[in-house]
2 protein chains.
Amino acid sequence: MREGFQDDLHRLTTRLADMCDAAAVAVRDATSALIDADLVLAQQVIAADDDLDAQRAQCEEDAYALLALQAPVAGDLRRVLAVVYCAEKIERMGDLAAHIADTARFAHPAPAVPAGIAPTFERMGRLDAEIAERVATQIRTGTDGFHELRQADEAVDTLHADLLADITGRNWEHDQRAAVTAALTTRFYERFADQAVSVAKRLEFANTGDLPQ
Amino acid sequence: MREGFQDDLHRLTTRLADMCDAAAVAVRDATSALIDADLVLAQQVIAADDDLDAQRAQCEEDAYALLALQAPVAGDLRRVLAVVYCAEKIERMGDLAAHIADTARFAHPAPAVPAGIAPTFERMGRLDAEIAERVATQIRTGTDGFHELRQADEAVDTLHADLLADITGRNWEHDQRAAVTAALTTRFYERFADQAVSVAKRLEFANTGDLPQ
């Protein structure tokens with residue numbers, strides 16, 4: 001019985017890690033679509049998001065079955081509930097990547113963001129993807145990479161703040177439509193990283209028992 | 001034992017409804033602060049958000065205790081897990097209201113949004129507050145107000161889309177800083193309503209057993 005439970009839990013967390021990897025791919029591809037005005041890639045990211053939504057629903061259903069059948073307590077209970085919590089956050093990461101892809105699709109064939117600030121989006125996309133991959137590794141290995149994750153998240157926050165300052169500053173050379181698109185898009189990247197940090201925090205809680213604030 | 005469980009669950013859902021009411025107050029006050037450039041009110045909304053965060057943590061702790069001690073199944077299990085899910089969404093609604101208040105605070109003593117579009121923010125604020133109150137009623141009475149809620153959410157979406165079109169249109173008379181602030185702020189209102197809809201959906205799931213997609 002206990003062994004069956006640990007196997008089931010392991011399957012659940014493996015799916016969670018796979019979802020995180022899918023979110024990493026999504027944000028990396030969405031960023032390429034954004035920078036290169038690649039309509040096909042944008043549509044691919046948007047279509048792939050359905051799969052992440054389905055995986056979230058499956059994760060949750062399996063977690064509920066585990067709770068109902070095995071009634072785990074203490075650490076085991078926390079770990080199952082962490083899966084439910086994290087699956088929803090990772091689904092949201094996929095949504096945000098799809099929003100970025102949608103921005104590229106909407107602007108196509110024109111580029112959605114001015115060439116001058118494209119490198120910043122590129123850096124944010126790379127950081128977001130790395131963050132998601134780090135979380136996937138954390139899930140798979142049970143190691144604590146929270147400090148590095150926090151640093152990467154802060155780097156995204158800094159890029160986000162700098163970009164907003166550029167966009168709203170006196171030297172902005174484009175119209176307010178470009179400003180608004182860039183501002184909303186940079187917020188998608190910032191929120192993506194935030195969700196990943198929530199996931200990492202929740203995993204830490206599942207291991208230590210301290211509720212994240 | 002069963003009676004004790006139902007009492008505990010009732011206390012949990014009552015707190016959830018109270019949190020929803022607090023989120024309604026927060027978005028209503030944040031909107032007044034935004035429209036009237038009211039710094040004191042803005043600071044009050046931001047300070048009150050800590051309380052909502054603490055209530056979420058308490059909700060979750062109590063729900064975990066209930067799961068561990070009583071190991072509920074079927075509908076009871078779904079209802080306890082719905083509390084955990086909803087508490088987090090309502091906390092997020094409070095965060096979004098605090099973001100709106102923060103926008104007012106940051107711009108003070110100038111108004112954060114141009115007078116010409118202030119009425120739209122006023123309407124979105126009223127709709128968001130009504131949506132949160134509707135959800136509170138749904139939690140307290142167990143009635144299904146999902147259809148009306150969805151309509152109110154669609155009204156917010158329409159105001160959001162219209163406002164974005166205004167902001168990015170040719171007739172925009174202000175600078176791109178005002179455009180960016182308005183665009184990010186209208187998104188806070190839209191997200192607030194989205195979270196409330198998630199809560200309502202999850203409550204429906206808790207009652208019917210069909211997982212929301």
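Note: hydrogens, waters and symmetry copies are ignored here, and every other heavy atom, side chains too, is used. Numbered from 1 within each chain, the chains take letters A, B, ... in sequence-line order.
Asp95(A) is linked by a salt bridge (Lys or Arg N to Asp or Glu O under 4.0 Å) to Arg92(A), counting only residues two or more places apart in sequence or in another chain. For Asp29(B), there are no salt bridge (Lys or Arg N to Asp or Glu O under 4.0 Å) partners at least two apart in sequence or on another chain. Under the salt bridge (Lys or Arg N to Asp or Glu O under 4.0 Å) criterion, Arg105(B) pairs with Asp102(B), sequence neighbours left out.
Closest heavy-atom contact between Tyr64(A) and Leu77(B): O-CD2, 3.8 Å.
Looking at Val84(A) and Val84(B), their side chains never come closer than 4.5 Å, going by heavy atoms from C-beta outward.
Within residues 165-180 of chain B, the residues having any heavy atom less than 4.5 Å from a heavy atom of chain A are, in residue-number order, Ile167(B), Thr168(B), Gly169(B), Trp172(B), Gln176(B), Arg177(B), Ala179(B), Val180(B).
Under a 4.0 Å N-O distance rule, the pair Glu88(A)/Lys89(B) qualifies as a salt bridge.
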